[in-house]
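Below is one structure, written out as structure tokens, with a few remarks after it.
Lettering follows sequence order; numbering is per chain, from 1.
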Protein chains: 2
Amino acid sequence: MATASRALSPRGSASDSTRLRVAAAASELGYTPNPAARALATRTGTRIAVVVGGHTAHVLNDPYVARVTAATASVAASREVGVSLHWLPLHDPAELGRLTESRDVGGIILVNPTEPALATVPRSARGRVAAIGIGSRIVPSFDVDNATGTTNVLEHLLVTGRRRIAMITGPAWLPCTRRALTAYQRATEAAGTPPRLIPGDFTATRGHHAATEILTRWPDTDAIFALGDLSALGALDALRTSGVNVPGDIAIAGFDDLPYATLSHPPLTTTTNPIESITTAAATTLLDRQTAPPLTLHPSTLIVRATT
Amino acid sequence: MATASRALSPRGSASDSTRLRVAAAASELGYTPNPAARALATRTGTRIAVVVGGHTAHVLNDPYVARVTAATASVAASREVGVSLHWLPLHDPAELGRLTESRDVGGIILVNPTEPALATVPRSARGRVAAIGIGSRIVPSFDVDNATGTTNVLEHLLVTGRRRIAMITGPAWLPCTRRALTAYQRATEAAGTPPRLIPGDFTATRGHHAATEILTRWPDTDAIFALGDLSALGALDALRTSGVNVPGDIAIAGFDDLPYATLSHPPLTTTTNPIESITTAAATTLLDRQTAPPLTLHPSTLIVRATT
DNA sequence: CCTTGCGGTGGAAGCGCTTCCATGGGTGGG
DNA sequence: CCCACCCATGGAAGCGCTTCCACCGCAAGG
């Protein structure tokens with residue numbers, strides 16, 4: 001029985017002949033290991049937790065969170081482990097601590113945590129925690145390369161003759177916002193055009209207001225780049241309501257390439273956010289107990305549709 | 001130790017005083033039960049599987065699946081169990097059988113399975129399986145009340161003076177499609193208008209084509225009801241491109257109330273699909289080992305926006 | 001030819017729970 | 001006032017695995 005255990009485990013020391021015989025016997029007997037027993041014996045977790053900052057069940061409606069959860073669940077399924085979804089105030093060390101101490105949790109994926117929140121992760125647990133949508137030295141992080149994504153969008157706008165490009169940002173505390181902002185500032189500087197920045201929060205409503213504000217503050221704007229497709233679509237709606245011709249008068253581009261993007265009229269130019277591959281990388285790192293670099297960036301590819 | 005176990009378990013027979021003392025000691029010692037050990041001892045699963053029909057990772061992009069997964073994960077988290085997501089050919093008994101036999105799986109939520117697929121669920125496993133988006137006598141099912149939802153939409157259209165109402169359906173094998181279809185036929189019959197049916201598949205592309213087809217086959221159509229917001233938005237797009245005034249010439253209504261619905265121009269009239277509460281009901285049934293009626297329907301509420 | 005060392009093997013303990021079972025102290029009926 | 005009965009309690013077995021440890025047989029070195 002000890003031998004069988006070793007033969008079945010990739011790390012166990014068993015001779016090849018034994019390994020083969022065990023495998024044959026296992027398939028003949030229809031044997032499947034019991035993950036619960038294994039988890040009990042090895043004191044490892046049997047599920048991986050996706051943790052989102054915030055209090056309410058509202059996270060369920062966030063397509064970003066849903067995609068992360070679904071992708072994690074899919075990776076986990078192949079490893080015979082589960083996934084659980086939590087929302088909690090990320091600044092509250094007690095909550096997060098309780099989760100990291102739960103022997104049942106083999107890994108934690110933090111969605112868009114703040115740097116201070118990350119600091120509350122107990123040192124002992126850091127090997128079991130990865131973050132998505134952030135770059136941090138505390139735990140390995142995974143995100144879309146929004147600097148390059150932003151640069152690509154802006155270059156595309158410049159190539160198509162736009163010069164006075166306004167940007168609707170995301171929450172300022174989000175590293176991805178900051179990275180995109182830097183890219184925007186660099187691009188506008190290189191093009192010799194002054195930056196036109198309006199803070200946003202990824203929502204359509206905010207995008208709508210932001211576009212209106214842009215129209216009044218800088219009436220000669222000829223392009224709007226919104227971090228997040230929802231904001232872009234909100235802005236598009238505002239412009240159309242104001243009788244602005246898109247893309248004739250003003251071009252619009254978003255970020256993320258949500259399914260929404262193809263549904264607008266005209267369809268939205270955007271750049272992809274490969275959430276699934278980002279999540280898969282994070283989950284794999286956790287599940288295989290690999291050590292990952294502080295920040296892994298996944299490429300974003302420009303999708304030119306009809307708003308530019 | 002036996003007493004502590006009983007005191008902590010809701011079903012165990014322990015006196016109230018003991019229960020209280022155990023609870024006090026537990027919180028003082030910072031005791032948390034080990035789900036793996038419990039699963040091992042009780043021979044119950046440590047996760048609940050969400051199973052979607054189909055072969056590819058495409059399911060990850062389906063907002064419906066993502067919402068089901070996220071909601072399941074959230075219920076499961078409160079019970080200290082996990083979730084895993086699987087896509088497999090639902091007609092293949094072997095795959096599903098393997099999943100039901102895995103002692104690690106405490107419950108299975110089947111998303112939109114066909115009746116023949118359900119029949120492949122091993123009899124021994126039926127108590128651990130629930131279905132979403134279907135009505136079946138084989139396992140307990142949960143769905144939105146799309147008959148009433150459809151009726152409400154159609155009544156709204158009739159009240160606003162529409163008479164020649166076309167409908168873009170969903171896949172014919174889906175029970176929810178059939179229920180909605182019945183409601184549509186009943187409503188049009190009552191209103192004395194002949195039915196105008198175009199098959200759909202919930203996608204925007206198909207909705208687009210369907211609307212074009214409607215325009216050519218029944219040019220005097222004054223309303224389109226699409227099963228699924230995506231199809232409705234596709235139809236909206238087609239009408240706008242054809243220069244049709246919405247809602248002036250033709251009204252459009254969808255089903256599901258996806259976040260997309262507010263982003264269109266004009267915003268889409270639709271009726272809600274409470275996927276989260278449906279999923280919660282299914283997951284709770286599984287986790288609490290309750291016996292649920294063959295079909296539980298959750299109400300859909302009409303959301304009137306600007307396309308009607 | 002005997003000893004040392006090493007890799008493969010089986011025995012056995014134990015991971016942290018639940019539950020069967022036997023025991024004991026209480027209550028109600030005779 | 002005693003006996004039967006019931007309910008709460010603790011002992012102990014076991015859920016299915018992993019891993020420590022002792023063991024054995026082999027190849028290499030003295």
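In this structure A:Arg179 satisfies the side chain to side chain donor-acceptor pair (under 3.5 Å) test together with A:Asp143, A:Asn146, sequence neighbours excluded. With sequence neighbours excluded, the residues that form a side chain to side chain contact (heavy atoms under 4.5 Å, CB included) with B:Leu8 are B:Val22, B:Tyr31. Remark: A:Thr284 engages A:Val75, A:Arg79, A:Thr280, A:Asp288, A:Gln290 in a side chain to side chain contact (heavy atoms under 4.5 Å, CB included) (not counting sequence neighbours). Not counting sequence neighbours, the partners of A:Pro171 by the side chain to side chain contact (heavy atoms under 4.5 Å, CB included) test are A:Trp173, A:Leu174, A:Thr177, A:Phe202.
The separation between B:Met1 atom CE and D:dA13 atom C1' is 12 Å, rounded to whole Å. The distance between atom OH of B:Tyr31 and atom C1' of C:dG16, rounded to the nearest whole Å, is 7 Å. Here the C1' atom of nucleotide C:dC15 and the CG atom of A:Asn34 are 13 Å apart, to the nearest Å. We find that CG of B:Leu40 is positioned 13 Å from P of C:dC15, with the value rounded to whole Å. In this structure, CG of B:Leu8 is placed 12 Å from C1' of C:dT18, rounded to the nearest angstrom. Rounded to whole angstrom, the span from the CG atom of B:Leu29 across to the P atom of C:dC17 amounts to 12 Å.
Checked by atom type, the side-chain pair A:Thr296/A:His298 shows no donor-acceptor distance below 3.5 Å.
The nearest heavy atom of DNA chain D to B:Ala41 and to A:Arg38 marks one nucleotide each, and the one closer to the 5' end goes with B:Ala41.
Put simply, the residue from B:Val51, B:Val52, B:Thr72 that forms a side-chain contact (heavy atoms from CB on, under 4.5 Å) with B:Ile109 is B:Thr72.
Of the candidate nucleotides C:dT18, D:dG16, C:dG16, C:dG16 has the atom nearest to the side chain of B:Ala37. Closest to the side chain of B:Ala2, out of C:dC15, D:dG10, D:dT19, is D:dG10.
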Quiz prompt | Worked check of side chain to side chain contact (heavy atoms under 4.5 Å, CB included) between B:Phe142 and B:Thr279 | solution = CA-CA 8 Å; B:Phe142 302 83; B:Thr279 304; over 6 Å; no

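Closest approach of A:Pro122 to A:Thr100, counting heavy atoms only: CG-OG1, 3.6 Å. Pairing each heavy atom of A:Arg19 with each of A:Ala7, the nearest pair is NH1-O, 3.2 Å.
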Give each protein N/O atom lying under 3.5 Å from an N/O atom of nucleotides 7-9 of chain D, with the pair distance.
from: D:dT9; atom 1: OP1; to: B:Ser15; atom 2: OG; distance (Å): 3.2
from: D:dT9; atom 1: OP1; to: B:Thr18; atom 2: OG1; distance (Å): 2.4
from: D:dT9; atom 1: OP2; to: B:Ser15; atom 2: N; distance (Å): 3.3
from: D:dT9; atom 1: OP2; to: B:Thr18; atom 2: OG1; distance (Å): 3.1

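Each end of the helix from C:dC1-D:dG30 to C:dG30-D:dC1 gets its own axis from five base pairs, and the two axes differ in direction by 40°, given to 10 degrees.
Residue-level contact check: B:Thr42 touches the backbone only, with heavy atoms under 4.0 Å from sugar-phosphate atoms and none from bases.
The phosphate of D:dC15 (OP1 or OP2) has no side-chain N or O of B:Arg43 nearer than 4.0 angstrom.
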